[in-house]
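Note: hydrogens, waters and symmetry copies are ignored here, and every other heavy atom, side chains too, is used.
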Amino acid sequence: MPRPATPSRATKALVAELRAQGVPCSPRRLEDWRRVGLVPRGHRRFLGRGRGTEVVYPDDMAERCCQVAKRMRRGQPWQIVAFSLFAGGVDLPEETIRAAYRWALTVEVPADSDELDVAERGVDQLLSTVAGRRLEVLVTAQVKRSGVAQGEPPAAVARGVLTNLFLVQLGGEVADDQATIELLAGIGLPIAELPPDERVQAARFMDAVFSAFSFDELAGVAEHTPLDELQAAIPVVANLLDLLPPALRALVPGTVAELLPPLLAPLVVQLGHIATSLDASQHGVYQSEPALASQRPATMDPMPLPSPSHHEREARSA
């Protein structure tokens, strides 16, 4: 939609009010925010015969603009601001929220690459950061503690764990049971405490679970879940993040921590779908339509785990 050549009187007055409050703003910036749904559009009111129309904004328009401006940073995608507003309970257009989730959960795999290539590059980028290197240290410690490395250097196994975490998010598959066992041990699950046969069964069960949490699956959840259900999941994520060990919480910058609850809300919704499907299968209830975006996890037999008490090897992360 082209911008009007001349801002309305209401727009000029709004810009003046915002500038008086120290909020840098312009008619063009307001139109950018309106275009993506961060602020509401004004509506035109008919003034009577021969008097034309005028633009009228909601009473809280200046306050909303201040909320957006406080969150907006130069070069920052508007979707980040949308997530922050959504997490704060601000009423946004449905398409604005859906578009933000599509932006966050869509990963393009180049035609000349596969999921493993993208996963390996993702790990390289992660380990180029201080937080990523600290995460690698934590994963390596978990691998050492669990004893799943089977004589290989724990740091190399930890690198494989990180690669596989990226891989399953991209919709790829972990190569074999041992790689899945290493992944589970690397993220702190006590799978190494199980007898060998149960360990393999648990790994296969969790491999099916992972498929329900790829970006494609979560994008489907975000696209089709009612917004009130997504919003209700946000405080659940926040509470779960509060339970993380301090060493893990310290890896997350404050600006990222604020965005994690809305970003991970589809994951909590998907967990609820999986729990419902497992409960239905345990009680012999079969749904005519699967609750999950993918049908694969809906056929899983539950395998409960006990309560908690290579360098990149292509064979294990392909």
Side-chain angles (χ1 to χ4, degrees), residues 30 32-43 57-73 76-107 169 209-244 248-249 251-280 287 289-294 297-298:
L30 278 179
D32 286 339
W33 295 349
R34 285 195 296 260
R35 179 171 47 82
V36 295
L38 296 179
V39 300
R41 291 187 176 275
H43 69 273
Y57 289 117
D59 293 339
D60 62 350
M61 183 67 166
E63 179 183 352
R64 171 68 75 83
C65 291
C66 289
Q67 290 177 318
V68 173
K70 183 172 73 172
R71 291 166 169 81
M72 189 67 74
R73 301 288 183 271
Q76 177 175 267
W78 65 263
Q79 293 91 338
I80 299 296
V81 179
F83 280 128
S84 180
L85 293 172
F86 183 53
V90 174
D91 186 22
L92 294 174
E94 178 173 345
E95 178 53 29
T96 295
I97 300 168
R98 304 288 189 201
Y101 275 114
R102 286 194 293 269
W103 169 82
L105 296 172
T106 300
V107 178
Q169 285 283 213
V209 171
F210 288 145
S211 69
F213 296 102
S214 68
F215 284 122
D216 283 346
E217 292 284 350
L218 295 179
V221 172
E223 189 70 25
H224 301 295
T225 300
L227 294 187
D228 58 350
E229 189 175 342
L230 283 171
Q231 199 151 40
I234 291 175
V236 176
V237 178
N239 290 335
L240 291 173
L241 293 174
D242 286 341
L243 298 177
L244 289 176
L248 279 179
R249 288 205 304 270
L251 298 179
V252 184
T255 53
V256 175
E258 180 188 1
L259 293 172
L260 284 180
L263 281 171
L264 297 180
L267 186 148
V268 168
V269 173
Q270 185 76 315
L271 278 173
H273 292 167
I274 290 176
T276 299
S277 294
L278 291 177
D279 183 65
Q287 302 168 336
E289 295 184 3
L292 302 180
S294 167

Please check this pair: side chain of E258 against backbone of S84, looking for a donor-acceptor N/O pair closer than 3.5 Å. no
Go through E223 and R102 one step at a time and tell me if the salt bridge (Lys or Arg N to Asp or Glu O under 4.0 Å) criterion holds. CA-CA 8 Å; E223 189 70 25; R102 286 194 293 269; 2.9 Å; yes
Spacing of W78 atom CH2 and M72 atom CE [to the nearest 0.5 Å]: 9.5 Å
With no hydrogens and no angle check, is any side-chain donor or acceptor of Q76 less than 3.5 Å from a backbone partner on V81? no
When you compare the side chain of P266 with that of L230, does any pair of heavy atoms fall below 4.5 Å? yes
Heavy-atom closest pair, residues A222 and L105: CB-CD1, 4.1 Å
NE2-CD distance between H224 and E229, expressed to the nearest 0.5 angstrom: 13.0 Å
Heavy-atom distance under 4.5 Å between the side chains of W33 and C65, does that happen here? yes
Quick check: closest heavy atoms across P93 and G37, and the distance to 0.1 Å? CD-O, 3.3 Å
In terms of heavy-atom contacts, T225 and V221 come closest through OG1-O, 2.6 Å
Atom CG of residue position D91 - does it have more than 12 heavy atoms of other residues, nucleotides or ligands inside 6.0 Å? no
Side-chain contact test, heavy atoms from C-beta onward, threshold under 4.5 Å: evaluate it for P40 versus R34 and give yes or no. no
Distance col, row L259:CG vs Q79:CD, nearest 0.5 angstrom, shows 11.5 Å
Heavy-atom pair of closest approach, residues T96 and V36: OG1-O, 2.8 Å
For the residue pair Y101 and F86, does the interplanar ring angle fall in the parallel (under 30°), tilted (30 to 60°) or perpendicular (over 60°) class? perpendicular
Would you indicate whether the side-chain heavy atoms of W103 and I80 approach each other to under 4.5 Å? yes
Roughly how far, to the nearest 0.5 Å, is the CG atom of L264 from the CG atom of L218? 9.0 Å
How about CG on N239, more than 12 heavy atoms from neighbouring residues, nucleotides or ligands closer than 6.0 Å, or not? yes
Report the C-alpha separation of F83 and L263 in whole Å, then their side-chain angles, then the decisive distance to 0.1 Å, and conclude whether the side chain to side chain contact (heavy atoms under 4.5 Å, CB included) test is met. CA-CA 7 Å; F83 280 128; L263 281 171; 3.6 Å; yes
From CG (L30) to CG (L38), nearest 0.5 Å: 11.0 Å
For the residue pair V269 and A233, what are the closest heavy atoms and their distance? CG2-CB, 4.2 Å
Test log, rule side chain to side chain contact (heavy atoms under 4.5 Å, CB included), inputs D60 and E63: CA-CA 5 Å; D60 62 350; E63 179 183 352; 4.2 Å; yes
Supply the atom-to-atom distance E217 CD to H273 NE2, rounded to the nearest 0.5 angstrom. 11.5 Å
A82 to L92 - nearest heavy-atom pair and separation: O-CD1, 3.5 Å
